[in-house]
Amino acid sequence: MFYLRLARGYRVPDLGRWLLTALAAAVVAAFLLRSLGRAMSDRIGDADPLVRLLWCLPPLAAVAWFAAVAARAVPARRPERIAGLTAAGAGSRRIRTLIAGEVALACTLGSVLTLLVFLVLRNDIAGPSLAPDLGMGVPLPAAAPVTLLALVPLTAGLAAACAVPATEARPGGRTPHGTGFAAWRIALPTGLVVIGAALELIALRPGAAADGRPVHLPAGLGTTSTAALGGWAAGALGLALLTGPLLAWAGRLLALGRPTPLRLLAGRGLTAQAPRLGAPLAVLTLAVALVLTTVRYWIGTPDSADALPAVEACLVLGCTAAAVAVRLAEVRSDRRDVAEALLRLGTSPRLLFGAVALRTLAVGTTLLLTGGATAALAAAGLR
Amino acid sequence: MSAAPPDNDVLWARGIVKSHHGTPALRGISLGVREGEVLAVTGPRGSGKSTLLACLSAQLPVDEGEVWFNSSPVHTLTRAGRERLRRDRFGFVGSEPHLVPELTARENVALPLLLAGAGNKAAYTAADEWLERLDVGDVGRQRPDRLVQSQRQRVSVARALAPLPPVVFADDPTAPLHREAADQVLRILTSAARSHQLTLVLATHDPELVRFADRAVALVDGRLTAPAAPVPRGTAVSAASGASAVTAVRR
């Protein structure tokens, strides 16, 4: 009841976040129920049900990622609400529970709606083409869909609860954001990229065809060699982890020498925001690179495209893009005071806009490099 | 058409009215500030001091009334004109430092000069000298999150003074400081104003700080309650003799 009273004060961005979480949860629930329906229709002892269930993990992880990023942004986006709750006696644990509960509730709503559609379709409404996906004609054990559908709100709620920092849940208790990266945060991804590149070179060396292509890739992507897959995985992970430090370096490069106010504000701002922007941008870049490589392969190889991976890709892309948007909004809210102080100094809005544009250009160039390298590694493995 | 303001008033306001979402903050304030004087605006919290300073310093447009700076109307300026005026003519110190977190202390101080088109060398030399004067020269290369609150506020004061603007507005600048640090900051602020012939408008809720001013006006519930009261000469802090020559870019 208390939560519903809070929900009455929702603004459009809050409602958008809520609806997007519910929609994404509904799609993941549909994947889970489809794998259940298929498992009921298939013969016992078949290995496919487990593979199908594992295929539900990427979209589930995408929803959890979006939930975590969105939950982390709540204290920065709605400081007045957090201040009000704290003044009313709510501790950081209760605030964290409330934010996680909100995410779990949205996911539950999406999952329940999908379950209702699933049950209605099973009632001899769906055509014969959908019958195996719904497990029509086979009795549905009540515990199975409930257990599967509880996964979505539970995972997203837990991710959200872990993402809300205790210090940020208190008004005025925001931690200072460091502008540097520890040595291991640069050494580890660099090592991974080097290992990945080396493995790719081994996979592409003359005479590598003799090693065979024992790894069967999903989504109709054919087969590849172990070295190519390992090389891509290490390289992609390394590049993703290196995104944050690369953004920070791009910022330093912008403010190099004797910078003008435009370069100074753009560069230093980028260096300061790199630790917060790095992760969501890296995940989005990785997802886009992977999807583009897959689509390119599908176009080049007739009859290889598959509908379900395409839907999954759309969901993952949507969640990762929404996570970036939420993080950008969080950073913007956090910097409202700074923007006001700069305007008070007489800084023209045009200069602030120019700084943002220059920063965006630097971020775009960096992501083009990391994303391009990720896609090139993947494409090389598929050759 | 309204009458022109007196020639010796650098700032002049007549009948200014300002409301915040329907709540009246200023109810017809008329005020003149002479060139080079240190004017204290006193009053309890919520009396409209901050709003008055925001209106005088072209941060907020007035609902009614007139504001003039150097015989030029401020109340008719466009947003761009007010931005230019703030950048080129006014300095501002708030009760919170509001420094740019990703810039170092000296970059924060040099920023207004850079924004006004000064060269890097001149801007950073002035920044270093003002940081030294405010006893924070040793933390010039630190970012604000590494500084304690009193250091941050001193950097904010240095940022307002470094371009040597004709008028400096200080809205409760000693709020986050201990008594000793507050006295020192105000002494530097007022002595810099006097030695460089700057006009200083100082809002404070602490009646004791009036001793730093040449003149004081009291504000209660958005109205001036007393006419401009001269502060006894003996109690006002005099200009620092032989203030260090600060290399500043004065437009």
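Each chain gets a letter, A, B and so on, in the order its sequence line appears, and its residues count up from 1.
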ask   = Highest number of heavy-atom pairs under 4.5 Å with chain A: which of Leu115(B), Leu99(B), Leu85(B)?
value = Leu115(B)
Neighbourhood of chain B inside residues 182-191 of chain A, taking heavy atoms under 4.5 Å as contact = none
query = When you look at Arg159(B) and Leu345(A), which way does the side-chain contact (heavy atoms from CB on, under 4.5 Å) test go after all the steps?
reply = CA-CA 9 Å; Arg159(B) 181 177 63 181; Leu345(A) 282 177; 4.0 Å; yes
inquiry  = Show the nearest heavy-atom pair for residues Arg335(A) and Pro101(B), with the distance to one decimal.
reply    = NH1-CG, 4.5 Å
query = Relative to chain B, which segment of Arg350(A) carries a heavy atom at a distance below 4.5 Å: side chain, backbone, both, or neither?
reply = neither
request  = Check Glu83(B) against Pro349(A) and note the closest heavy-atom contact, atom names and distance.
outcome  = OE2-CD, 3.0 Å
note = Bottom line for Leu114(B): the part with an atom under 4.5 Å from chain A's heavy atoms is both
key: Top contributor to chain B interface from Ala341(A), Gly346(A), Gly251(A), Gly267(A) [non-hydrogen pairs under 4.5 Å]   = Gly346(A)
query = Can you tell me how far CG of Leu343(A) sits from CZ of Arg86(B), rounded to the nearest 0.5 angstrom?
reply = 7.0 Å
message = Strictly distance-based, threshold 3.5 Å: is any side-chain N or O of Arg258(A) a donor or acceptor partner for the main-chain N or O of Lys121(B)?
response = no
request  = With sequence neighbours left out, write down each residue that passes side chain to side chain donor-acceptor pair (under 3.5 Å) with Arg82(B), or none if nothing qualifies.
outcome  = none
key: Residue part contacting chain B, namely of Leu262(A), when any heavy atom lies under 4.5 Å   = neither
inquiry  = Could you tell me if the side chain of Glu96(B) sits less than 4.5 Å from the side chain of Asp337(A), heavy atoms only?
reply    = no
Pro112(B) side chain near Thr347(A) side chain, heavy-atom distance below 4.5 Å = no
query = At what distance, to the nearest 0.5 angstrom, does CG of Asn120(B) lie from OG1 of Thr260(A)?
reply = 8.5 Å
task = Just give me the residue among Arg84(B), Arg146(B), Glu107(B) that pairs up with chain A most often, heavy atom to heavy atom, under 4.5 Å.
result = Glu107(B)
query = Considering residues, nucleotides and ligands other than His178(B), do more than 12 of their heavy atoms fall under 6.0 Å from its NE2?
reply = no
More than 12 heavy atoms of other groups within 6.0 Å of Arg94(A) CZ = no
ask   = Does CD in Glu35(B) sit with more than 12 non-hydrogen atoms of other residues, nucleotides or ligands closer than 6.0 Å?
value = no
query = Do Arg344(A) and Arg87(B) come within less than 4.5 Å of each other through their side chains, counting heavy atoms only?
reply = no
